[in-house]
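Every chain is numbered from 1, with letters handed out A, B, ... down the list of sequences. Model, not experiment: these values are computed from the prediction. Note that these values count all heavy atoms, side chains included, but never hydrogens, waters or copies made by symmetry.
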Amino acid sequence: MASVTLSEAEKVYIVHGVQEDLRVDGRGCEDYRSVEVETDVVSNTSGSARVKLGHTDILVGVKAEMGTPKLEKPNEGYLEFFVDCSANATPEFEGRGGDDLGTEIANTLYRIFNNKCSVDLKSLCINPREHCWVLYVDVLLLECGGNLFDAISIAVKAALFNTRIPRVRVLEDEEGSKDIELSDDPYDCIRLSVENVPCIVTLCKIGYRHVVDATLQEEACSLASLLVSVTSKGVVTCMRKVGKGSLDPESIFEMMETSKRVGKVLHNSLQSILHKEESLGPKRQKVGFLG
Amino acid sequence: MAGLELLSDQGYRVDGRRAGELRKIQARMGVFAQADGSAYIEQGNTKALAVVYGPHEIRGSRARALPDRALVNCQYSSATFSTGERKRRPHGDRKSCEMGLQLRQTFEAAILTQLHPRSQIDIYVQVLQADGGTYAACVNAATLAVLDAGIPMRDFVCACSAGFVDGTALADLSHVEEAAGGPQLALALLPASGQIALLEMDSRLHEDHLDQVLEAAAQAARDVHTLLDRVVRQHVREATISLGD
Amino acid sequence: MQTACQAVQHQRGRRQYNRLRNLMKDARHDCVLFANEFQQYCYLPRERGEAMEKWQTRSIYNAAVWYYHHCQDRMPIIMVTEDEEAIQQYGSETEGVFVISFKNYLDNFWPDLKAAHELCNSILQSRWERENESQESHGKEYPEHLPLEVLEAGIKSGRYIQGILNVNKHRAQTEAFVRLQGTSTKDSGLVSDILIHGMKARNRSIHGDVVVVELLPENEWKGRTVALCENDSDDKASGESPSEPMSTGRVVGILQKNWRDYVVTFPSKEEVQSQGKNAQKILVTPWDYRIPKIRISTQQAEALQDFRVVVRIDSWESTSLYPNGHFVRVLGRIGDLEGEIATILVENSISVVPFSEAQMCEMPVNTPENPWKVSPEEERERRDLRRTHLVFSIDPKGCEDVDDTLSVRSLNNGNLELGVHIADVTHFVAPNSCTDIEARTRATTYYLADRRYDMLPSILSADLCSLLGGVDRSNKTLADSLDNANDPSDPIVNRLLRSMASQAMSNALYFSTGSCAEEEFHHYGLALDKYTHFTSPIRRYSDIVVHRLLMAAISKDKKMEIKENLFSNKDLEELCRHINNRNRAAQHSQKQSTELFQCMYFKDKDPETEERCISDGVIYSIRTNGVLVFIPRFGIKGAAYLKNKDGLVIACGLDSRSEWKPGSLQRFQNKITSTTAGGESVTFHLFDHVTVKISVQASRCHTDTVRLEIISNKPYVIPNTEIFHQSSLLLKSDLVKEVTRSVEAQLAQEVKVNIIQEEYQEYCQTKGRSLYTLLEEIRDLALLDVSNNYGM
């Protein structure tokens, strides 16, 4: 993980502030920084989203391709995750430097999506056992300003919301050979339902309290963090502890409650932004990185 | 697409441009706050980001430091979703390494490296969407990023691609035109002096036509320079305004 | 509109799209392609849920409205479409912009173009029929064609073979061959063409189409028949055993249809009744034996009973035995000279419309009041031979298009300098001018038996470019040294042998040097390594091309600026294909028109009484059931059967006159013997002289043919053998003249003939036998090859 070096004095300053529910930039312990979300940034993907959470900048692109279903799940399509920690974020990520972090994040994503309810995989099936849609979700980490997992999960959810998979028709020949025909109307597509796609809430333990959405400096002060993946209904799908320190059991329960609370709010605001964007339709001005 | 007409009888290309017309260019400097210098450029549908770190101390082995000038280090990476078909590896493959090397050569020619001996300047370029002319877009973005970082340069480095179809030179090729397999030329130019920093050509081209294509690419690069110049001035104006108040 | 072109490409394919683009590029049609999708105000993005066609129609309409306003509402704009909904929706939306159907357009804006109206009606009718027909589904008569991807994959893998279909004229219903194209010969190991036996195997492909063939298993292979035969419409072989089996296959798909305009004849009244109750739909018989009958629907069947008309084929569904087509225009009455000549022109795709206004404007002026003169700049640049050389022409008397002249001069070293001077046509015909484009399309002057169709307007071909005596003209010159030459003399059989030898060689073809390796440049017939000609630019477009290349080469030598008007290699290849094609057409049409005149000459002459119908003939080829005979008097070649349809063979009695009797034929390499059941036998050897009776076999739907019958196995001697040699030349043109005269007598018109006399006296032309007359004779022989009519 990218990190900054802090002096002892700075660390003490941050820890004391957190105990008083006062963070360096004036937020409360359960407040997020302001989030900027924009979808449909890259036009030759099936769906894309860009999330800017403070100094953290994430770009996610989803490409839908046709493939064969997995043997154990012949009626479903599947998702493939790939995380690229670009050297843009820090020179340490040059070459293979960012691969470790990338794989860690990708594995986390696999785990939180590895249940039946997150994404309706059956809708991705075209011909059982023969053809299905495979969604390649590619995450590009452009700038690292702390709290990567949250930002990435928000971006993935937004990108999946934005994904448009072209509708196909299966034509059966007299001899039984199947032909797949793509519709020529660019508007004729299937959308995924992202109601149940969870978001990750990272809670960093600083001193005796935990904070949501830690900046780089705050992460440097915390010894242990808990990653909780929460759906919009408040259901917890996955939980993980990271960091070299240890957590005691009561604080875990507390953190979980916090994450559920915070998660619900996060989901609601995200949904409202996405729907607002959608309602603007094709006339929406795309800003991307130019704004 | 087989049989696609790259240049119609009336002089229109596939996307409606004329032979010497450039695509729409939009650029912005200072996209990321944490990097020393950053820039973003859109040339038609090709989108590229460039980030500069430096000059700073040499990372890795001290032995690589050059006593009289700075070391320029470039990496070219293109996102897996940038091309029509998904790429498996963003960087580390042969093409990316080659591009990185070419960028390095280009900028070693342009940056005044003698002013920063024993230090390293990192230029990282990320292609977000590739629709032809990726090298040119990267060079242009990197120029802006280096300027944003405040590193002194001899001159702007402006780049553009050019091709040759049916006896006419085309400037600023899109992906469709590149894929058609005709001759392609990539040119990086220092506009004030007219010096060429990098020249690369693919495929077969009759030597009689070389002049024409070279001239088209050079003219296009000069046009790019006008645009980039405008972007830089705009950025500086904005920065001074926000500082001044 | 660009959108309309792209719609054609999507719906109909590349070929139609290319045809449309070529029509538009032709400067004579005054068409412009507007790139409406690239124009800012015309472009409309597609809406959600909008079908492709609706969007295209909407775009086109929008562009039309924009254009109307762009012209400041001064000119009404008409958008022509067959889409009923669009007409409803947009028809009255904007004033000044009309949205109407094509028929409506014709009716309102061009009410006087009768031919266009007729064509439109017939097309609409055939379309209506096709839509209604598809509702009643008959059984499939033919298997479906395979889809394009399967065909291409099959060709690549070697399972299928691609080639051009060649229908056998004499067995059009049963035999067709596919000549292999490209590299498939090496891979498939085939050495000969593939036989396609029967109409079912041919699967709706027509002579000239590029087809894809699948070989049948070896036990189904058939052989081709080698006997002489008439054009029977029966399927069964006429009792002759076929030769050994050859590769046989069936057509599984058609890659490219090469349909053209076809001349057809309506069935006679009796046949119409037998075709069934639906008198609207008629089966017409094409003039070309190789094309199947075509079904068209017309109200005019009764009125057009005895006429020849032009039709086009629309489609051939797998449910139908015959292709569907529509009527285009009327040519003329059956048997009428002009109509028959028009038939020959249409069948050879020769289009000879009068030269357009635009072209005539490009022509220089040469009238008595304003005579054409060599301009002063030209005088300076060219060498003036008017006073220093003796220049004369060796073209025949009465020739108007003199494109070459000779000059002779004795040099000081005792050699002769022979100068060849060619008319400088390229001086008057600028590259890509209207005249040039029309000349390129024609590619050559067409010489028929009684007339010619010039490649260039007559002011050039007969006047300014023609190197007429006594007038100043510009030309290009080649000077050469020459030693004296001899001329040989030959009897008839020598002539025959020479002409047969040259016929055995394949036709020389034009090609672009950029496409061929240097070793393949040679000309077999003339035994030359490299050969080109440029001596007839008035009547051959290839010579104009060579002139321009010469001028460019000379300019390059003299470091003058080269004008950018030369063809690229690819264009030149295309041009060579076109010129070769047109030359073939010219040769065919010349041959066919000569046959036409022969038939007309002999048609109304009773063979029993007219002396002219009996003549001496020489046998020049032996076949299994007959021989091929050459009649030097008229220059006719034809087949004479020794076994007739009833199986009787020829027998020559004591007076040498022939009769038909039961018996058999025995064929040897150089002779054929006919032995009757009674034991008499007569043998005919190669190069024997026999007496032949000439008659005409008339045909309603096809061309009349000349029939030869051996009536005696002794040569026919006419009392006066002196006129024999010279009259052979005069008689042919006499034949034409007599036919023409009789036709004109019917039409009561006059023909003028010009003769140039003075030069004859001044330059003393040679009389009697000479190299020149010999070359002329050979040329005549080449013109009259009737043997192909008899299935040899």
Partner chain A: residue of [options] with the largest heavy-atom pair count (under 4.5 Å):
options	answer
B:G84, B:G92, B:S38	B:G84
B:H91, B:Q26, B:R59	B:R59
B:D122, B:N73, B:N45, B:V52	B:N73

Taking atom [atom1] of [X] as the centre, does the number of heavy atoms from other residues, nucleotides or ligands within less than 6.0 Å exceed 12?
X	atom1	value
A:L71	CG	no
A:Y13	OH	no
B:H235	NE2	yes
A:R33	CZ	yes

Let me know if [X] has heavy atoms under 4.5 Å from chain B in its side chain, its backbone, both or neither.
X	result
A:T45	side chain
A:V41	backbone
A:D84	side chain

Is [X] in contact with chain A via its backbone, its side chain, both, or neither, using a 4.5 Å heavy-atom distance?
X	answer
B:F32	both
B:A50	neither
B:D131	neither

Flag, side chain of A:E143 to backbone of B:A33, donor-acceptor distance under 3.5 Å: yes
Over all heavy atoms of both residues, which pair between [X] and [Y] is shortest? Give the atoms and the distance, please.
X	Y	value
A:C144	B:Q34	O-OE1, 2.8 Å
B:R28	A:L290	CD-O, 2.9 Å
A:F82	B:P90	CZ-CD, 3.7 Å

Top of A:R96, A:E65, A:E94 for chain B proximity - count of heavy-atom pairs under 4.5 angstrom: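 Counting heavy-atom pairs under 4.5 Å, the top option is A:E94.
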Residue selection (most heavy-atom pairs with chain B, distance under 4.5 Å) from A:S43, A:P91, A:G61, A:A89: A:P91
Atom pair OH/CG of B:Y124 and A:L142 - distance to nearest 0.5 Å: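 So the gap between those two atoms works out to 14.5 Å.
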Distance (rounded to the nearest 0.5 Å) between B:R86 CZ and A:K63 NZ: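 Answer rounded to 0.5 Å: 9.5 Å.
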Give the table of side-chain donor-acceptor pairs shorter than 3.5 Å for residues 74-83 of chain B, with sequence neighbours excluded, one pair per line with atom names and distance.
{"unit_1": "B:Q75", "atom_1": "OE1", "unit_2": "A:G95", "atom_2": "N", "d": "2.9"}
{"unit_1": "B:S77", "atom_1": "OG", "unit_2": "B:Q126", "atom_2": "OE1", "d": "3.4"}
{"unit_1": "B:S78", "atom_1": "OG", "unit_2": "B:K87", "atom_2": "NZ", "d": "2.7"}
{"unit_1": "B:T80", "atom_1": "OG1", "unit_2": "A:D138", "atom_2": "OD1", "d": "3.4"}
{"unit_1": "B:T80", "atom_1": "OG1", "unit_2": "A:D138", "atom_2": "OD2", "d": "3.0"}
{"unit_1": "B:S82", "atom_1": "OG", "unit_2": "B:A79", "atom_2": "O", "d": "2.7"}
{"unit_1": "B:T83", "atom_1": "OG1", "unit_2": "B:E85", "atom_2": "O", "d": "2.5"}

side-chain contact (heavy atoms from CB on, under 4.5 Å) between A:R50 and B:L128, worked out: CA-CA 12 Å; A:R50 176 179 175 232; B:L128 301 177; over 6 Å; no
